[in-house]
There are 2 protein chains.
Amino acid sequence: MVEEQDERILAELQKDGRATNQQLAETVGMSTSACWRRVRALEEAGVISGYSALVARERAGFATSAILHVSLERHDVKFVDEFVARVTQRREVLECFATTGDADYHLRVVVRDMDAYNRFLDEFMFRIPGIRHVRTNVILKEIKTGVALPF
Amino acid sequence: MVEEQDERILAELQKDGRATNQQLAETVGMSTSACWRRVRALEEAGVISGYSALVARERAGFATSAILHVSLERHDVKFVDEFVARVTQRREVLECFATTGDADYHLRVVVRDMDAYNRFLDEFMFRIPGIRHVRTNVILKEIKTGVALPF
DNA sequence: CCATATTTGGTAATATCTACCAAACTGGAG
DNA sequence: CTCCAGTTTGGTAGATATTACCAAATATGG
């Protein structure tokens, strides 16, 4: 089970995923070896599923992003599985959630420009079988893009 | 400007944010010192805005998440700034985007359970001045939660 | 309260980071 | 083409960090 000390480690590693074990041990208040073993355990238990550099979208040349509301025509496993498989594959789709509400799925898509977004729709999204409706909500401004769980 | 080699570095550091400089240099095919300097430059230029451990939401005890569509009553800077300030503050709100479409904002909120979500609405969201409408779309399933830009 | 299992801090060999150097490369100007 | 100044490169070595191991301390439950 994830407990008090682990949560401090997780919180800190979310803030700085490249903190050295020594820094980490100091900020959470334990010895380097104890700290190191807990981190390792969290990794092996899959609580920490990985580490990532956070790249500034615009500075890296991705000017355009959007949130898509997608509804499927029918909800056979066949269509659903196909949709999930394709969306998982496609790297422009950063996030995809099955949700309650009007749409079946919420997707966040990131591309270099509007042209690329148009191609994304034509060549990918509109060709997925069983799609009823796709509504694009262009992202005008990123107020916040966090990854850290609120421990 | 971000070029070819930098993109390979960014792609790799998105996949493994704790790759050692040696591994990284090898996979992108340059010397450790050249690689290290480029990474440092990307950090200082703010292209890499940070590093983070990716924590498995459910395993860390956050069972509930939702996507909120929020509309403001009026769009005075006063209300907008207040909304942005509060939402930025609040740690349960992982993401917030100003979008085109019916709603003004899309938020992703993560909490430990439905009870906490209810409190989040009552004690936080519904008390923000100038809110016209909040629609909750509970996340039934996370198909994909990526952070890596599609280089 | 005791016996056992788990977790802890310290240590030392190994691996890595990071600042520095001289050499190689780049791209204008003549 | 040739030269030169400005970058970028690879190598190196001292400082730092990682990681496996041990014995001591702490928690568990009968």
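First the proteins, then the strands, lettered A, B, ... as listed; each starts at 1. Remember, predicted model here, so these are calculated numbers, not experimental data.
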Next on the checklist: In whole Å, I'd like the distance from the CD atom of A:Q5 to the P atom of D:dT26.
Outcome noted: 14 Å

Item to check | Check: A:A19 main-chain N/O paired with B:R18 side-chain donor or acceptor under 3.5 Å | outcome: yes

Checklist entry - What's the CG-P distance between A:L24 and D:dT19, to the nearest Å? => result 13 Å

Item to check | Test item: B:R8 side-chain N/O and B:V28 main-chain N/O as donor-acceptor pair under 3.5 Å | outcome: yes

Item to check | Side chain B:R74, main chain B:G130, donor-acceptor under 3.5 Å | outcome: no

Next on the checklist: For A:A56, is there any backbone N or O sitting under 3.5 Å from a side-chain donor or acceptor partner on B:S49?
Outcome noted: no

Checklist entry - Are OP1 or OP2 of C:dT18 and a side-chain N or O of B:W36 less than 4.0 angstrom apart? => result yes

Item to check | Inter- and intrachain pairs under side-chain hydrogen bond (donor to acceptor under 3.5 Å, both in side chains), touching residues 137-151 of chain B, at least two apart | outcome: B:R57-B:E142, B:H69-B:N137

Next on the checklist: Using whole Å, what does the distance between atom C1' of nucleotide D:dA27 and atom CD of A:E4 come to?
Outcome noted: 17 Å

Next on the checklist: Atom CD of residue position A:Q89 - does it have more than 12 heavy atoms of other residues, nucleotides or ligands inside 6.0 Å?
Outcome noted: no

Distances for protein N/O vs nucleotides 10-16 of chain C N/O pairs under 3.5 angstrom?
from: C:dG10; atom 1: N7; to: A:S33; atom 2: OG; distance (Å): 3.1
from: C:dG10; atom 1: O6; to: A:S33; atom 2: OG; distance (Å): 3.3
from: C:dT16; atom 1: OP2; to: B:Q22; atom 2: OE1; distance (Å): 2.7

Item to check | Given DNA chain C, 5'-ward residue of the pair A:R38 and A:R18, judged by closest heavy atom | outcome: A:R38

Item to check | Protein-nucleotide distance (A:M30, atom CE; C:dG9, atom P), rounded to Å | outcome: 8 Å

